[in-house]
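Throughout, a chain's letter reflects where its sequence line sits, starting with A, and its residues are numbered from 1.
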Protein chains: 2
Amino acid sequence: MDLPGRKKKILQAIIRTYLETGEPVGSRTISKYTDLHLSSATIRNEMSDLEEMGLIVQPHTSAGRIPTDRGYRMYVDELLEGKNQEVEEMKSLLLEHEDHLENLLKQAAKLLANNTNYASLISMPTISGNKIKFIQLSQVDRNHILAVIVIEGNLVRNSMIEVDEALDSEALLKLNMLLNSALDGLAVENISLGLIAAIKKQAGIHSELVSHVMDAAAEAIRTDGRPEIYTSGADNIFKYPELAEQSMASQIIGDFEEKKVLGNIVQNTLADSGGKEGIQVYIGDEVPASARGMEECSVVTTTYDLGGGMKGTIGIVGPKRMDYDKVVDALKTVMHQLEDYYKK
Amino acid sequence: MDLPGRKKKILQAIIRTYLETGEPVGSRTISKYTDLHLSSATIRNEMSDLEEMGLIVQPHTSAGRIPTDRGYRMYVDELLEGKNQEVEEMKSLLLEHEDHLENLLKQAAKLLANNTNYASLISMPTISGNKIKFIQLSQVDRNHILAVIVIEGNLVRNSMIEVDEALDSEALLKLNMLLNSALDGLAVENISLGLIAAIKKQAGIHSELVSHVMDAAAEAIRTDGRPEIYTSGADNIFKYPELAEQSMASQIIGDFEEKKVLGNIVQNTLADSGGKEGIQVYIGDEVPASARGMEECSVVTTTYDLGGGMKGTIGIVGPKRMDYDKVVDALKTVMHQLEDYYKK
DNA sequence: GTTAGCACTCAAACGGTATGAGTGCTAACA
DNA sequence: TGTTAGCACTCATACCGTTTGAGTGCTAAC
């Protein structure tokens, strides 16, 4: 759809002011707000047209207009122009020294929420390759063997395996060598049943132990399939009346705690990370994964890439009338900082 | 304070009905509800007395009475009697097979929230002894050494250490033996500076590596100091009008996401785990740790003990007019199951 | 000590009346 | 033909007085 310039400007003006005030905007307001120097009557005519096109609606007969989902869509796709606001502070604020990726991400989420006044989410990176780098079995006590598995990107998983009796250190050494030489450099999802059988055979009496280790490896993927998600600022939704209403808030809060819906959003973002400059904007019903209760929200996400195939999602959840410019800027800032910080 | 029997019964009746309805209860209601066969006028006189004692109040002149914090306190301390409700379902429901403690706890939290219709919290157990059971360094690649530390109770921590150049396998073996013999069985908080210096000395050129390992061990305690907390059913608060009100809800949700306040509650519970049968009830202002926004809530907690010095907290957050009987039952049920399950 | 009766209070619900923001339409104007 | 002023109309919201009903305190009688 291509709008004539004037309608474009008017739509832009309507949405801009609506973003600020959250209240239906009338023709008179626009008449004064724009530099078009048109009377309110003329604006009314144009508005009438825009309404016919499905870009704006009146909540009731004698009210001003508010954007529809399609209206927002057009705004985001065509009328958005970096306003270069002061997300400056973030640039300096972010990332006091933090060793653990987990804490770094939590901090980033908090920062994002505080600076935008929306709710933020951030997922632990998944590893695309899933190559196994190192495996080690250790005897911890008589009945327990600890399996440590290091995956490309230095992610560590461990699994405590219960055994009937202790292995002697020689057998342990052998098993370790066997596992390492068989699995080193292999992508976890490529481990075939045949390979497992072969290893088991070589392991002889310890075949049961081996299958436990394989289970742990499989689990390492499984937890990557539903990556950990950290959130912050869920309470920010109460700042926006259209979300603060009980049934709405209840559902959103539920989603944020349950994390199932958020997981879907993350999956979606990682899957179709096309979008303008890698930014995804979901408006209202566009929010993926039949997210009950998210109909009144917009979700903006992007993917960060820590190298080594480690990719995660950061995102913002807020009312449809969110400050898209600011949010996009903030996301980009955090994304870049995250990437720089980790690569250094 | 000791109340005469009749006043006791009346107070109990008032609170009971208020817990159910959430609305101020009048004299006529009580007159019919109790088996005392007293007229509403008599009840009114008694009520007037109870009000003078600070156990109940009227929200406004011509309204019924609602309990004060002190009223609730008395109810909980003296008038509560196990009603043995149907928390039956929980007994069968709980705990489908789960290997990971983390998942087990998450599941328990969810169950608790679903069955009570309040918000639940559950903390990862802290380890009181903190005895080190096993340490192992492994060369993962040229520049990384993985330190795995197993603590009594089979909790595993790992820390990736960056090094300038690879150690030969003999040196690694030596270091491992050195660390194990020096630290095995030692409580982490008992590691003295002197001991560290001694180990460093013996480690010779690898002293730097050793200090990294010690840091990781220290970190293992640190994260235990602020244990992970899982929550569920925070959205349940919207079921209770007195909590669903915006400013209130916003703060509670904030607390649940931030987890700082919850952490204080957990600390508190672990500290003074006295209480009737180990159950702690905090009513309104009694909630520990200057919990902003929790004034309208009651918090019921207890401590679970997985053996081996591993203790954690489970709790329920709800409106003051919560069904204390049911909540106490539910907490006990989950606590016992948790303990049984883990010990088996 | 208990109860019936009565006057009184007050939140909440109800209904009618402004108020005002905003519209659509028409007719005049450039 | 596009723009504008003017006017009648709509409708959510606020305001105000009235009614309703639940509940109280007090008093007098049992």
Side-chain angles (χ1 to χ4, degrees), chain A residues 3-11 13-18 20-68 71 241-242 244-245 321, chain B residues 3-11 13-18 20-68 71 241-242 244-245 321:
Chain A
L3 286 178
R6 196 170 72 174
K7 282 199 168 53
K8 228 177 217 174
K9 280 198 174 173
I10 292 175
L11 177 61
I14 293 173
I15 296 188
R16 282 265 171 80
T17 50
Y18 183 68
E20 278 173 35
T21 64
E23 301 208 328
V25 355
S27 52
R28 229 178 95 77
T29 315
I30 298 302
S31 163
K32 286 190 286 184
Y33 181 88
T34 57
D35 48 357
L36 292 173
H37 300 299
L38 292 172
S39 79
S40 61
T42 312
I43 303 289
R44 277 204 288 284
N45 289 329
E46 297 284 31
M47 279 176 147
S48 181
D49 293 350
L50 288 172
E51 179 155 17
E52 214 170 321
M53 295 182 214
L55 298 172
I56 52 179
V57 276
Q58 323 182 52
H60 59 265
T61 318
S62 73
R65 307 302 214 286
I66 63 175
T68 61
E242 64 267 46
E245 186 247 334
R321 59 175 188 93
Chain B
L3 285 179
R6 197 170 72 171
K7 282 198 169 51
K8 229 177 216 175
K9 279 199 175 172
I10 292 176
L11 177 61
I14 293 174
I15 298 190
R16 282 267 170 80
T17 49
Y18 183 67
E20 277 173 36
T21 65
E23 300 207 330
V25 356
S27 53
R28 226 177 98 76
T29 315
I30 298 301
S31 162
K32 285 189 287 183
Y33 181 88
T34 57
D35 46 358
L36 292 173
H37 301 295
L38 293 171
S39 78
S40 60
T42 313
I43 303 289
R44 277 205 287 284
N45 289 330
E46 296 286 30
M47 280 175 148
S48 181
D49 293 350
L50 288 170
E51 178 155 18
E52 214 169 318
M53 297 181 209
L55 298 172
I56 51 177
V57 277
Q58 325 181 51
H60 59 265
T61 318
S62 73
R65 307 302 214 286
I66 63 176
T68 62
E242 65 267 45
E245 187 245 337
R321 59 174 187 94

Could you tell me which residues satisfy salt bridge (Lys or Arg N to Asp or Glu O under 4.0 Å) with [X], sequence neighbours excluded, listed by chain and number?
X      : value
A:R6   : A:E46
A:E242 : A:R321
B:R44  : none

Annotated protein contacts, base or backbone, on nucleotides 19-30 of chain C with a non-hydrogen cut-off under 4.0 Å, one of B, S, - each: --BSBBB-----

Below 4.0 Å: OP1/OP2 of C:dT3 and any side-chain N or O of B:S39: yes

Name each donor-acceptor pair under 3.5 Å that joins a side chain in residues 35-43 of chain B to protein atoms two or more places apart or in another chain, with its distance.
| from | atom 1 | to | atom 2 | distance (Å) |
| --- | --- | --- | --- | --- |
| B:S39 | OG | B:A41 | N | 3.3 |
| B:S39 | OG | B:T42 | N | 3.4 |
| B:S39 | OG | B:T42 | OG1 | 3.2 |

For [X], which residues count as a side-chain hydrogen bond (donor to acceptor under 3.5 Å, both in side chains) partner, sequence neighbours excluded?
X     : answer
A:E23 : none
A:E51 : A:R65
B:D49 : B:K7
A:K8  : none

A:V25 and its side-chain contact (heavy atoms from CB on, under 4.5 Å) partner, picked from A:I15, A:I14, A:I66: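 The residue from A:I15, A:I14, A:I66 that satisfies side-chain contact (heavy atoms from CB on, under 4.5 Å) with A:V25 turns out to be A:I14.
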
How long is the line joining [atom1] of [X] and [atom2] of [N], in whole Å?
X     : N      : atom1 : atom2 : answer
B:I66 : C:dA11 : CD1   : P     : 14 Å
B:I43 : C:dA4  : CD1   : C1'   : 15 Å
B:E23 : D:dG21 : CD    : P     : 16 Å

Contiguous pairing runs of three or more, Watson-Crick or G-U under 3.5 Å, that involve DNA chain D: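 Detected stem regions: C:1-30 with D:1-30.
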
Listed once per pair and sorted, the salt bridge (charged side-chain N to carboxylate O under 4.0 Å, His left out) pairs that draw on residues 54-63 of chain B, sequence neighbours left out: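 Every candidate salt bridge (charged side-chain N to carboxylate O under 4.0 Å, His left out) pair involving residues 54-63 of chain B fails, so no pair, neighbours aside, qualifies.
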
Every protein N/O within reach of nucleotides 13-20 of chain D N/O, cut-off under 3.5 Å:
none

